[in-house]
Each structure stands twice: as C-alpha cells, then as structure tokens.
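These notes concern the structure reproduced below.
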Amino acid sequence: MFKKSDVILIVSIFLVCVSLAVFLFAKGGANKVRVTVNGTEYATYNIYKESEHTIKTENGTNTLVIENGVAYFKNSDCPDKTCQNMGKIIKVGESIVCLPHRVVAEVVE
Amino acid sequence: MKPKKIAFLGLMLTLALVLGYVERLIPFNIGIAGVKIGLANIIVLLLLKHYGLGAAITVNVLRIVIVNLLFGGVVSLAFSLLGGVLSTLAMYFMLKLKTFGEVGVSAVGGVVHNLGQTLAAALLLGTPSVLRLLPYLMLFGELSGILCGIVAKTLTRYLNKIMNEE
C-alpha cells in the first residue's frame, strides 16, 4: 500500500508542518490589547497584566477589564450594550467593537 | 471522445458530488470552520491516473461549481476553485514524477489544497492572522490525503477492469 518514497514524503511533510507550527508558536501569540477610538490608536495594554481601564471618548465611556490573558468590556454607558455581550477576546485578531462610541479593542501580537 | 468515456466521466462526476454530500453528513469538527475530509479527492486521483489532467480538472471544476451552486455561494466558490485546481495540478505533477504511489501523491494534494485555500482566505479577507492556522491545516490536509490515497489505491484494483476496456 505504501511505497518507501511515500513514507519518506509523508514524514517530511509532517516535519515541515510541525516545525512551521513550532516557529509560529515561538514567535509568540497574543500579548497586547490595542484600543482604537474613531480609527486612531487610543492605548495599548499588556494582556497578561491584570488591569482595568476607563476609556473616555466624546461619545461616552467604556470600562475595559484585562485579566489572565483575556480582555472584555465590563461596562459601557452606550444604549445597546452590545460590547458587553460580545464576550471575551483571547486570540490574536479577535476584537470587540462598541459601535455607538466608535471604540474597538483587539488582541494584537 | 468515446461515448463510453463520456458516460464514465459523468458517472465519476456524480460519484464525486455524492461523496461531497455524504461528507456533510459525517459529524466532524476539529475546531476550524469549513474543514472537510475531501472524499471527492479520491475521484480526482483516479481520473488523473487513468484519464489524465484534462478529465480530472474538468470533473473537479464541474463538481466544485455544482456543489457551490447547490450549497455554497460565490465566495466559497472562489476558495474551492483555487484549492481544487491547485491540488489537481500538484497531484498531476507528482504522478508525472513516477516516484510516488497513490498515497504520497494524494497526501501532497491534500496539503496543497489547504495551502491554497488558506492563502486565498488571507488575501481575500486581508487578515494575515489566518496564516497562523496554516501548519494545522496542512497537517490535516496530509492526513485526509493519505486516507483518500488508500481508498483510491484500493478502488483501482476493482476499477481497472472497467477503465482499461477503452
């Protein structure tokens, strides 16, 4: 069923994948939370440092909580509260958006 | 083209479509959206081996267009076409080398398929973070490719009689 060349090929592809995974993992995953207001950068926080930040914008105020590599909006004085219900962000690329206040929190490398 | 070949290719296209449908019935999830085993790859590999690149690409492209018209959309059509055509070409060149058996060729096909789709996703969505999934998707492509290769090799024994009657 398996030719010798097949086995060599399969094992080498496997090794390439594993080393690629190790390389990407070593490069580091999420470690910062970037907050932007109206498209401009407001602040960047370390995702592994427990903290609570009040983000004041001209449209309203949001409270961002960071703990154990996770970030979420604890409070917002906007009418729809969507950002509070969007839950927690952990992985790079994930984000929470507060549309009424034009606030975006996203996890970056 | 002989009527028999046309009939056979039509049958293979139908089989590939049904395999794609059967695949949807298997509850299977590795945590990344849209990941499938790719059973239709078995048909593409068989066609490549016995009828060459033209037949394999034609059947695969037709299959992808029909599947996406039935279940998908325009965006998923673009993704599938890219992955499908790339993996068919890759398997064609691997077969041409004559160094590797069905299983090795199919494994490369699976890897290239997922590689193409991930690159397409990164380009179309403009999010390079998708590339982070690449090693896992490639590994999974390899595994499903091996599976399809084993099935294709087993089937060849039974299909040889029909296909060589040309």
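Lettering follows sequence order; numbering is per chain, from 1.
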Next item on the list: Using non-hydrogen atoms and a 4.5 Å limit, figure out which bit of A/F14 sits close to chain B: side chain, backbone, both or neither.
Entry: both
Next item on the list: Pick one of side chain, backbone, both or neither for B/V111, based on which atoms fall under 4.5 Å of a heavy atom in chain A.
Entry: side chain
Check: Between atom OG of A/S5 and atom NZ of B/K98, what is the distance when rounded to the nearest 0.5 Å?
Finding: 13.5 Å
Notebook entry, point to check: So which heavy atom on B/P135 is nearest to which on A/C17, and how close?
Noted result: CB-O, 3.5 Å
Check: In terms of hydrophobic clustering (I, L, V, M, F, W, Y; side-chain heavy atoms under 4.5 Å; direct or indirect links), are B/L11 and B/L17 co-clustered?
Finding: no
Notebook entry, point to check: Do the side chains of B/M12 and B/Y21 join up, straight or via other hydrophobic residues, at under 4.5 Å, putting them in one cluster?
Noted result: yes
Margin query: Taking B/L143 as the starting point, is it possible to reach B/V105 by hopping between hydrophobic residues whose side chains are less than 4.5 Å apart?
Written below: no
Checklist line | Cluster check B/L89, B/V108: I/L/V/M/F/W/Y, side chain < 4.5 angstrom | finding: yes
Check: Among A/D6, A/I13, A/I10, which residue meets the side-chain contact (heavy atoms from CB on, under 4.5 Å) test with B/I146?
Finding: A/I10
Next item on the list: Give the cluster check for B/L81 versus B/L53: same hydrophobic cluster or not, with ILVMFWY residues linked at side-chain heavy-atom distances below 4.5 Å.
Entry: yes
Notebook entry, point to check: At their closest point, which heavy atom of B/G101 faces which heavy atom of A/K3, and how far apart are they?
Noted result: N-CD, 3.5 Å
